[in-house]
Structure formats: structure tokens, C-alpha cells
Amino acid sequence: MALFLAFLLVTPLPALVSRADDPAPGIWQTRSDARGLECRTLDQETAHGLYPARVPDLAARRRSDPSSVLVCTRRILGDQERPPRDEAILSDLTRTVEALTQAAALRVPKGITWEVDAFYPSPQVGAKIAVAARTELVEHGHSVSDRVPVLAPGDLSVIHALPAEQAYPLACARYFAEHALTDQEAFLGLMILDPRETQLHAGICTQGQWRWIQ
Amino acid sequence: MDPVIRAWCLLALLLPLTAAADPAVLDAQRAQVETLRQEVAGQIQLRAYDLLDELVYEWTQHPIFETDTPLVLADVSVPVGFGSGLEALVENHFVHLAIENRRTHVVLAHCPQCTAMVVHSGAKGTLVSRGADDPEVLAAAGALAASQHALYLDFEIEGSSLVLRARITRLEKALPIIYAKTLSSSTSSAALLRSGDQLKSAGEARAEYLDALQGRSAYVIPFRIGVRSYASREGAYVTSAPFVWLQVGAEAAFSQARAWTGSVSAGVSWSPQTHEGVMVQGRLSRLLSGSVSSLTHPDLYGFLGASLIYVRGSDALAFSDVAPSIDNLASQLKGTPPTATFAAFQFGLELRVKNRLGVGVFLEGAPALDDAQSIGDHLDLGLLKFQALGAEVSVCF
């Protein structure tokens, strides 16, 4: 009887212990811990390549249809360590910039030299956005300059007073009027339009004309 | 509302506010945040080193320049929220890599004017910028003799990944970017397997890691020497001496992580003129000190086992549920020693080092020994009783 009871007590333990890796909040993990995880789905072969100790090799399992693997990694910075808007922008920076630069490149003929700048409340974060966009464009074979076009102080004081929908087209026209940009150059601007939003917008300035991409 | 109750409510509301404003509490919170930040900075530093190793390794395989070319390290920017300490560490590591890997054809040049702020006044106005951002000023100052190229390294934390963006700009009026590369720690490999003067690709590092894992093998042969000490019952006529067991078996890990292992073993025990014993045991172990067994730290396993034990000799009388009698002794003299056969289960912990050496302790219970005249309980939990306390050392091959 004692052995049977011991068996009943012990039998759920392996299942309980094996769920220690479950990323969902539960016995082993609080909600705040779970929020600190970033999860993605990979095919088994890729997951084995990245985590050979934890994901078995596809061949070893002798299965013809590979499984998908949910890989959860802990975010490097916890909640509230950076301002939430900055964290939201930076967490997804690579993917966002890749999409925006690809969309921008489609709208401009090849051979154009790109100049990129970001307009963001925090200059540090703005610099990161601009660097990401420049790097992305160069990696995809575009010609990119590290310069940014500048306007005279008088132009800037007028443009700052305008709403975004008017400011950027006017700035684009002034770039060309002041020869800060030439016909062989295009300017890609990345910005947020409302201080509360966490999605980047983008527009391109070519030959004095401003076009919104997103 | 009664004024007294109202006062107490107000006090209850005010107390948290006063506590929150307490400078000592704020200082403690700041110290805690700083400690956490330092821990994160330490982790980021190692990942940043990894990414730099990958970048420089790629340059050794596919050099950007055909000949040795002076390059100014114009800027190292670290993730938002981190400061100049991390910048300095990253810069030092990069310089070390550049010096140790001449195949990159990168020769770091010193150009203080390139990183300093410069002011340039002209017809169009006055421009304040860093030197590297205004090559015309550098040319006028004669600083371009040092180098015609500038390298920028930018690190940023994106969720669970650290991302390095490197670019090289030619220092001329148009500032063309001639090289750019993005590397992410999500596809990098452990710092453990790289050193600055013997760089290897991520694939090679991963292959070495796999070899290190597979070198451990899913199967091992454990040799165990263990001692079982049985508790004595009060007033017993016969007490049991500790049994020394020598076991050998086979152990298999159910995955490369070695989180679960199972083993079967056979053991013998012998003491001159007192007993001979044989045992077969099955054991299931679970890694408690993590989800993957470590290459560098001891692993703690919890195990559950079951044994079948056969003992022959005078020591077997201790396991009998009847008191020893003259008949027992007479049988022994006639050459028919007493025997005992019983099943037992164990709970224990084992500390295993690199899957080679192990030290374990366990409790063993045998329901058949509940009525034994000479055997007591080391631990009585009511439903479960443990009569034996054991310790063992194992060596695995």
C-alpha cells in the first residue's frame, strides 16, 4: 500500500519537472517572468544548429516530417529599464528598418545615392534608427552616403512650426532649392509623427518631391 | 464617516507616500537598479566581444582591403542606456583583435581630429560637427594623412539579441559608405569556444561545441562503490553492519541535454564469513541544476531507483521478521546459511562532475523490512519508511 502511494506521489513529478521549461506563466514562472521572454518558432534543423544541446538532431529522431520548435529567450533588458516607447522601437528595429528600406528602394531608380536621417524625440535613439537604415541599404547593394542634408537656421525655424504633413514636404523642397540634395541623390527620412506612437513612419525625398512610404 | 475612522484612513493613505519618499528607500532602490545594470552590462560585454570576433573573423576570410590600409576607429556606440565604460571595453577588444589578425589588412590609425568636435565657418554658415563627419575640415587641418577611412561600430539591444552594425566610410566630401555589416547575437555562438588570436567561424565554434557534447556520449558505464547503513531496531538481538556494494551497469541519457538519464546495474557485496550479496537496480535520474547538463559546472541530479537485493550469510538474519533462534545457527553450521531477498526503492541526490565522477546520498526503503526484528527506520514518514541510509561514489567511462 505504501509503495502504491509512493508511486502515486512520485509519478506526476517528472511531468511537473519537465514543465519547468514551459514559457507560459504557471507554477514555475510568474507573469512578469513570462513577459520577459521573446519567443519565435523555428524549424527543427535550424533550432538544432543554434541549440544543439537542447534540440535533438533531425536525423537522430528518424522522423520524416520535421517538427517546429518554439524557442524562447530572455530579453536582455527588463521592463521599464528604458522608456517604453524607445524599447518598443528598438526591440523591433531590424525588422522595421528592413521593411521600410526595401519599400523605399522600390520607389527609386537604381544608381541613386541615398542619404538617411531619423527624426525622433531622443537623439540617441534617432541615431540608432539612422544607422540601422544606412547599414541595411548598403547590405542590399545600394550606394549610401554618411552625410545628412542640412538646412539653414531660418528654414528650420519655419519648418519646426509646421505640422508634420507640411513640414517634411517643405523641407524636401528646400533641400533641393539649397542644393543640399542633387538629382542623383535621394533622402530617406524615418520618424514618428505622434510622440505617443511606437511605429516608425518613412518618406523619401527625390527631386524636390516628398512621398510617404508608411 | 466617524472622524476617528476618517483619520485612520487618511493615515493609512499617507503612510505609503511617506515611505516612498524616504531617501533611504530611494537610495536602496537606486543601488539595486545599479547592481542589476552592472550584471546586464557584463552579459552584454561578452556578447559584444562575440560579435566583434565574428566581424574580424569575416575580415580574415574576406578582407575588405587588398593591402594594409590605415583605418580610424571613429566611433563606438553602445546600447541606449549604457555608458562610456562599456565603450572603452569594446574598443579595447576590437583593437586587440585588429592587432592579432594581420590578415584583415586593417591597420588602426590614430586621428584625434577625426573624433574631436570641429567648427567650420563658411559662406553658408557655421557648422559644428565631428571631424570624421566633415572631411573637408580634416583635409584643411592636414589630418587626412593619417587615414582615408573611418570605422563605426554600433551596438544595440533588440529584445533578446545584441546587434552589431559596422560600417566603413571613406573620408571624402561625399562620405560614401564602402562597407556595412549587421551581426546579431541570436545567430552567434558561445564565447567559450573562441579566443582573440585563434578566431573561428560561428559554424566551426558550433561544431566544436557539438563535438564536446557528443564526446560525452549518450551511454556511459558507471562503476559505483556504495555503503548502505541500516537502522537498528530497539532491543534487537542482531544488528546489521553496513553493507559495502560494488556496482557496475549501463547508463543512458535520453537527450544530448542529459536532463533525464536511466541506468541499470548489478552489484555485489561481500564480507568474509558474514555475508555475500547480489543486487540488481534500475534508476531514473533528473537534472535539478538546470535544463542542460553543464560542460563547466557540476550537475545535481535527483534520482529514484528500485532494487532487488539477495543476501546470504549470518548478516541476512538481520532482515528476518522472526527473532534468530538455535535452529538458525544449527542450519548455518550444517552449511545452509540464512538468506534474505527483498525489494527496495531509493530516493537520492547525486552530484556529477563532467559526467565522469559522481557523489551521491540516498535513502532506501524496503516495505518487506517493516516487520524485520532487527531493522529500524532512519526516517518514518508514516506511509513511507526508510530503513537504510546510503552514500556512494561513482566513476563513469
Side-chain angles (χ1 to χ4, degrees), chain A residues 1-3 5-7 9-10 13-14 17-18 20-21 36-38 40 49-57 60 72-78 81-83 86-87 90-95 113 122 124-125 127-128 131-132 134-139 143-148 150 152-153 178, chain B residues 33 36-37 40 43-44 47 77 79-81 124-125 127 133 150 152 154 156-163 165-167 169 173-182 184 186-187 189 206 209-210 213 255-260 284 286 288 291-293 302 304 345 347 365 367 370 383-385:
Chain A
M1 178 65 179
L3 205 57
L5 286 168
F7 177 78
L9 280 171
V10 161
L13 276 179
V17 171
S18 69
D21 288 340
L37 292 175
E38 198 172 73
R40 53 191 170 136
L50 291 172
Y51 310 101
R54 304 192 61 178
V55 179
D57 190 13
C72 292
T73 44
R74 189 151 296 281
R75 298 170 71 90
I76 296 175
L77 291 178
E81 289 202 43
R82 294 196 290 203
D86 295 351
E87 185 61 36
L90 292 172
S91 291
D92 211 25
L93 186 61
T94 298
R95 222 174 359 228
T113 298
S122 161
Q124 247 187 323
V125 176
K128 298 286 183 178
V131 165
R134 287 185 200 125
T135 310
E136 189 68 31
L137 284 168
V138 174
E139 284 186 294
S143 170
V144 181
S145 169
D146 226 0
R147 279 196 174 282
V148 290
V150 292
E178 294 296 315
Chain B
V33 166
L36 283 171
R37 182 57 61 92
V40 172
Q43 293 170 23
I44 293 170
R47 294 197 201 195
S77 54
V80 173
K124 291 188 177 180
L127 200 61
D133 295 332
Y152 298 82
D154 177 272
E156 189 47 60
I157 294 170
E158 297 183 16
S160 60
S161 303
L162 183 69
V163 179
R165 293 183 174 92
R167 69 186 191 278
T169 303
K173 187 179 173 186
L175 287 176
I177 301 176
I178 63 167
Y179 170 85
K181 182 74 181 176
T182 304
S184 170
S186 59
T187 53
S189 61
R206 204 167 290 130
Y209 182 41
L210 261 175
L213 290 176
S255 69
Q256 277 292 344
R258 302 192 70 84
W260 289 96
L284 184 66
R286 162 72 196 182
L288 301 178
S291 53
V292 180
S293 69
L304 172 65
F345 61 92
F347 286 109
D370 283 351
L383 293 174
L384 297 174
K385 293 178 185 176

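Order of the sequence lines sets the chain letters (A, B, ...), proteins ahead of strands, with each chain counted from 1.
- For B:Tyr179, the part sitting under 4.5 Å from any heavy atom of chain A is the backbone (N, CA, C, O) and nothing else.
- Using a 4.5 Å cut-off between heavy atoms, B:Thr182 touches chain A through backbone and side chain atoms alike.
- Using a 4.5 Å cut-off between heavy atoms, A:Ala132 touches chain B through backbone and side chain atoms alike.
- Contact of the B:Arg167 side chain with the A:Val144 side chain is not registered, since no non-hydrogen atoms from C-beta on lie closer than 4.5 Å.
- No other option in B:Val163, B:Ile178, B:Thr169 has as many heavy-atom pairs under 4.5 Å with chain A as B:Thr169.
- Atom CD of B:Glu158 is separated from atom CG of A:Asp92 by 8.0 Å, given to the nearest 0.5 angstrom.
- A distance-only check finds a donor-acceptor pair linking the side chain of A:Ser145 to the backbone of B:Ala174 [under 3.5 Å].
- Minimum heavy-atom separation, A:Arg82 to B:Pro79: NH1-CB, 4.4 Å.
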| request: Start with the C-alpha distance between A:Gln124 and B:Ser77, add both sets of side-chain angles, then the distance that settles side chain to side chain contact (heavy atoms under 4.5 Å, CB included), and finish with yes or no. | output: CA-CA 10 Å; A:Gln124 247 187 323; B:Ser77 54; over 6 Å; no

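- Top candidate by heavy-atom pairs under 4.5 Å with chain A, chosen from B:Leu162, B:Val80, B:Asp154, B:Ile44, is B:Val80.
- Across A:Ile76, A:Leu93, A:Thr73, A:Val138, the residue that shares the most heavy-atom pairs under 4.5 angstrom with chain B is A:Ile76.
- With a 4.5 angstrom heavy-atom cutoff, A:Ser143 does not touch chain B via any of its atoms.
- Both the backbone and the side chain of A:Thr94 come within contact range of chain B, judged by heavy atoms closer than 4.5 Å.
- Residue B:Arg165 holds its CZ atom at 8.5 Å from NZ of A:Lys128, rounded to the nearest 0.5 Å.
- With hydrogens and angles ignored, the 3.5 Å screen pairs a side-chain donor or acceptor of A:Arg147 with a backbone N or O of B:Lys173.
- With respect to chain B, the highest number of heavy-atom pairs below 4.5 Å among A:Val125, A:Val150, A:Val131 belongs to A:Val131.
- If you take CG on B:Leu175 and OG1 on A:Thr113, they are separated by 12.0 Å, rounding to the nearest 0.5 Å.
- Among all heavy-atom pairs drawn from B:Ala166 and A:Thr135, the shortest one is O-CG2, 4.4 Å.
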